[in-house]
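Read the structure below first, then the notes.
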Amino acid sequence: MALVRGEVEAFLDDTPGEIRGVIARDGRFERLIIQREDDPPQFRLGARCVGRVMDVEAGYRAAFVDLGVENAPGFLALPRDKTLREGDRIEVEVVAEPRERKGPALRLIGPGQGAPRLLTPGPDVVTLLAELAPGVEIQTGLAAIQASWDAEEEALGFGDFFAESGVDLAVQRTRALIAVDIDYAHLPGKDAKTGRERANREGLVQAARLIRLKSWGGLVAVDLVGANLNADVVNPLARAAFAGDEAVFGPLSRFGLLQLALPWRRTPIEDKLNDWDRKPSALTRAVDLTRRLRHAILSDTTAPRFTAVCAPQEARAAAPFIARLGPRAALRPDPTVAQGWSDIVET
């Protein structure tokens with residue numbers, strides 16, 4: 001998909017089962033927001049709830065809080081001057097959505113009353129797009145579907161090569177940290193020192209963008225180009241690249257390693273889309289099949305009908321979503337089709 005450089009673009013893909021918001025800035029994707037219909041509203045960033053204290057961990061000065069979602073308590077770090085007991089009712093706000101095997105992180109607002117329940121939902125995708133791209137017209141339809149596909153592909157990738165600056169960038173996450181490696185392919189006829197400085201500047205900007213796109217947080221270690229770098233030069237570049245991300249910066253080492261920490265806020269894109277085996281979940285495949293069928297219908301308004309042909313298991317999961325696409329959408333289970341090998345045909 002060709003994006004317009006030098007401006008901000010916003011896309012809203014409202015496919016049955018899932019709503020996606022995409023922000024592109026200066027021709028590159030910067031945000032991918034995914035909210036699914038089966039996501040517990042109590043877990044959305046910014047949601048306010050009444051919770052019941054299930055357990056207090058004195059050693060960690062933390063509590064696990066029942067938000068009304070079975071087997072999925074929230075985690076509340078206790079302020080130094082606050083003590084809670086099991087059974088207490090409290091009002092909390094979600095400050096970080098679930099990730100991996102962890103429930104949402106909470107902030108204590110004050111005492112609460114009644115059963116665990118949602119009080120105020122967090123912002124929906126339309127509201128978030130308006131906040132991230134104020135005054136920008138939101139694109140829908142085919143453009144939004146394509147943008148959501150392209151943004152997803154980049155969010156699930158491990159980096160990129162930027163020919164204009166000679167930067168080869170790798171961004172990967174382990175259990176401990178996010179590792180960023182900025183490599184530089186020297187361009188013939190260019191000054192090497194100027195090229196390295198430009199590579200570090202571009203590498204930091206693109207690393208920050210990709211981390212936002214992936215919805216990652218935690219400790220970040222950036223391996224810059226060169227050694228014995230000038231902190232007075234590098235630090236302003238890093239702060240500009242991660243501006244607005246609530247980053248906390250550590251010192252620049254003599255080996256060219258920059259460290260910073262970013263808060264967790266949203267569920268990582270790969271956690272949203274994949275099962276524990278890092279393969280697309282059944283819901284992801286069902287929604288993607290629905291999106292592909294919707295794309296075909298919008299692309300060709302003259303064809304009487306399009307049919308999604310897929311494995312029976314995928315058909316069962318996708319049927320409720322495809323039924324909402326209207327009379328031009330059909331679904332045909334085929335036991336000879338392997339999972340993940342579905343097709344859209346004109347019928």
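Just so it is clear, the model here is predicted, and its values are computed rather than measured.
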Give a yes or no on whether R85 atom CZ has more than 12 heavy-atom contacts from other residues, nucleotides or ligands under 6.0 Å away. no

Would you check if the side chain of R292 reaches a backbone N or O of S342 as a donor-acceptor pair within less than 3.5 Å? yes

Between CZ on residue R201 and CG on residue L237, distance to nearest 0.5 Å: 5.5 Å

Is the backbone N or O of G68 less than 3.5 Å from a side-chain atom of R117, with the two atoms forming a donor-acceptor pair by type? no

Taking the basic N atoms (NZ, or NE/NH1/NH2) and the acidic carboxylate oxygens, is any pair closer than 4.0 Å for E154 and R28? no

Apply side chain to side chain contact (heavy atoms under 4.5 Å, CB included) to the pair L169 and V180, showing each step before the final yes or no. CA-CA 7 Å; L169 180 68; V180 177; 3.7 Å; yes

Donor-acceptor pair, T290 side chain versus A286 backbone, under 3.5 Å? yes

Are E30 and R209 within salt-bridge range, i.e. N to O under 4.0 Å? no

Flag side-chain contact, heavy atom, 4.5 Å: K102 against F75: no

Hydrophobic clusters here meaning ILVMFWY residues chained together by side-chain heavy-atom distances under 4.5 Å, can you tell me if F306 and V309 are in one? no

Any side-chain heavy atom of L224 within less than 4.5 Å of one from V234? yes

Cluster link I269 to L283, ILVMFWY, side chain under 4.5 Å: no

Do L257 and V222 pass the side chain to side chain contact (heavy atoms under 4.5 Å, CB included) test, and can you show the C-alpha distance, the side-chain angles, and the key distance before you say yes or no? CA-CA 6 Å; L257 187 68; V222 184; 5.7 Å; no

Is F29 close to D150 at the side-chain level, that is, under 4.5 Å between some pair of heavy atoms? yes

Please report the C-alpha distance between T307 and T347 in whole Å, then the side-chain angles of each, then the deciding distance to 0.1 Å, and finally whether the side chain to side chain donor-acceptor pair (under 3.5 Å) criterion is met. CA-CA 6 Å; T307 298; T347 53; 2.9 Å; yes

Should S148 and R291 count as side-chain neighbours, where that means a heavy-atom distance under 4.5 Å? yes

Between the main-chain N or O of D277 and the side-chain N or O of D275, is there a donor-acceptor pair closer than 3.5 Å? no

Considering residues, nucleotides and ligands other than E153, do more than 12 of their heavy atoms fall under 6.0 Å from its CD? no

Going through the checks in order, is the side chain to side chain contact (heavy atoms under 4.5 Å, CB included) test met by V171 and F158? CA-CA 5 Å; V171 181; F158 298 105; over 6 Å; no

Least distance between heavy atoms, V94 atom then F43 atom: CG1-O, 3.7 Å

So does D66 pair up with R52, basic N to acidic O under 4.0 Å? yes

Does L32 share a hydrophobic cluster with W149, counting links as ILVMFWY side-chain heavy atoms below 4.5 Å and allowing steps through other members? no

How many angstroms lie between CG in D13 and NE2 in H295, if you round to the nearest 0.5 Å? 10.0 Å

Taking atom CD of E346 as the centre, does the number of heavy atoms from other residues, nucleotides or ligands within less than 6.0 Å exceed 12? yes

Answer yes or no: is there an ion pair linking R44 with D124, defined by an N-O contact shorter than 4.0 Å? no

With a 3.5 Å distance limit and no angle check, can you tell me whether N200 reaches the backbone of V225 through a side-chain donor-acceptor pair? yes

Going by an N to O cut-off under 4.0 Å, is there a salt bridge joining R278 and D271? yes

For the student: nearest non-hydrogen atoms of S299 and L142, plus distance: OG-CD2, 3.3 Å

For R239 and D245: C-alpha separation, side-chain torsions, deciding distance, then whether salt bridge (Lys or Arg N to Asp or Glu O under 4.0 Å) applies. CA-CA 9 Å; R239 293 181 185 277; D245 293 331; over 6 Å; no

Hey, is CD on Q113 packed in by over 12 heavy atoms from elsewhere, all under 6.0 Å? no

Do E314 and W341 have side-chain N/O donor and acceptor atoms under 3.5 Å apart? no

Smallest separation among heavy atoms of P268 and W216, with atom names: CB-CD1, 3.9 Å

Verdict with reasoning, E131 to R31, per salt bridge (Lys or Arg N to Asp or Glu O under 4.0 Å): CA-CA 12 Å; E131 293 176 355; R31 303 276 187 177; over 6 Å; no

The reported gap from CD1 in I145 to OG1 in T140 (rounded to nearest 0.5 angstrom) is 9.5 Å

Donor-acceptor pair, distance only, cut-off 3.5 Å: does the side chain of E7 make one with the backbone of R25? no

How close do A303 and R328 get, counting heavy atoms only, and between which atoms? O-NH2, 2.7 Å

Is there a donor-acceptor contact under 3.5 Å from the side chain of T267 to the main chain of P98? yes

Do V126 and I19 belong together in a cluster built from hydrophobic side chains that touch within less than 4.5 Å? yes

CG/L106 to CD/E91 distance, rounded to the nearest 0.5 angstrom? 12.0 Å

Taking E18 first and then R20, would you say they form a salt bridge - that is, a charged N and a carboxylate O separated by under 4.0 Å? yes

Should P123 and L128 count as side-chain neighbours, where that means a heavy-atom distance under 4.5 Å? yes

Would a distance-only check, ignoring hydrogens and angles, find a side-chain to backbone donor-acceptor pair under 3.5 Å from R266 to I33? no

What I'd like to find out is whether the side chain of L258 reaches to under 4.5 Å of the side chain of L204, using heavy atoms alone. yes

Between R196 and Y184, is there a donor-acceptor pair closer than 3.5 Å when you use the side chain of the first and the backbone of the second? no

Contact summary for R265 and L45, nearest pair of heavy atoms: O-CD1, 3.8 Å

Any ion pair linking R324 and E37 (charged N to carboxylate O, less than 4.0 Å)? yes

Got a donor-acceptor contact below 3.5 angstrom from the R61 side chain to the P79 backbone? yes

Can L78 be reached from V53 by stepping across I, L, V, M, F, W or Y side chains whose heavy atoms are under 4.5 Å apart? yes

Are any of the side-chain heavy atoms of D223 and I182 separated by less than 4.5 Å? no

Closest heavy-atom contact between P73 and N71? CD-C, 3.6 Å

Would K82 and L108 count as a side chain to side chain contact (heavy atoms under 4.5 Å, CB included) if you check the C-alpha gap in whole Å, the side-chain angles of each, and the deciding distance to 0.1 Å? CA-CA 10 Å; K82 189 66 178 178; L108 179 64; 3.6 Å; yes

Once you measure the plane-to-plane angle for F242 and F249, does it fall in the parallel (<30°), tilted (30-60°) or perpendicular (>60°) bin? perpendicular

Drop me the distance from Q139's CD to Q146's CD, to the nearest 0.5 angstrom. 12.5 Å

Could you state the interatomic distance from CZ (R36) to CG (L273), rounded to the nearest 0.5 Å? 5.5 Å

Any heavy-atom pair between the side chains of P104 and E97 that's under 4.5 Å? no

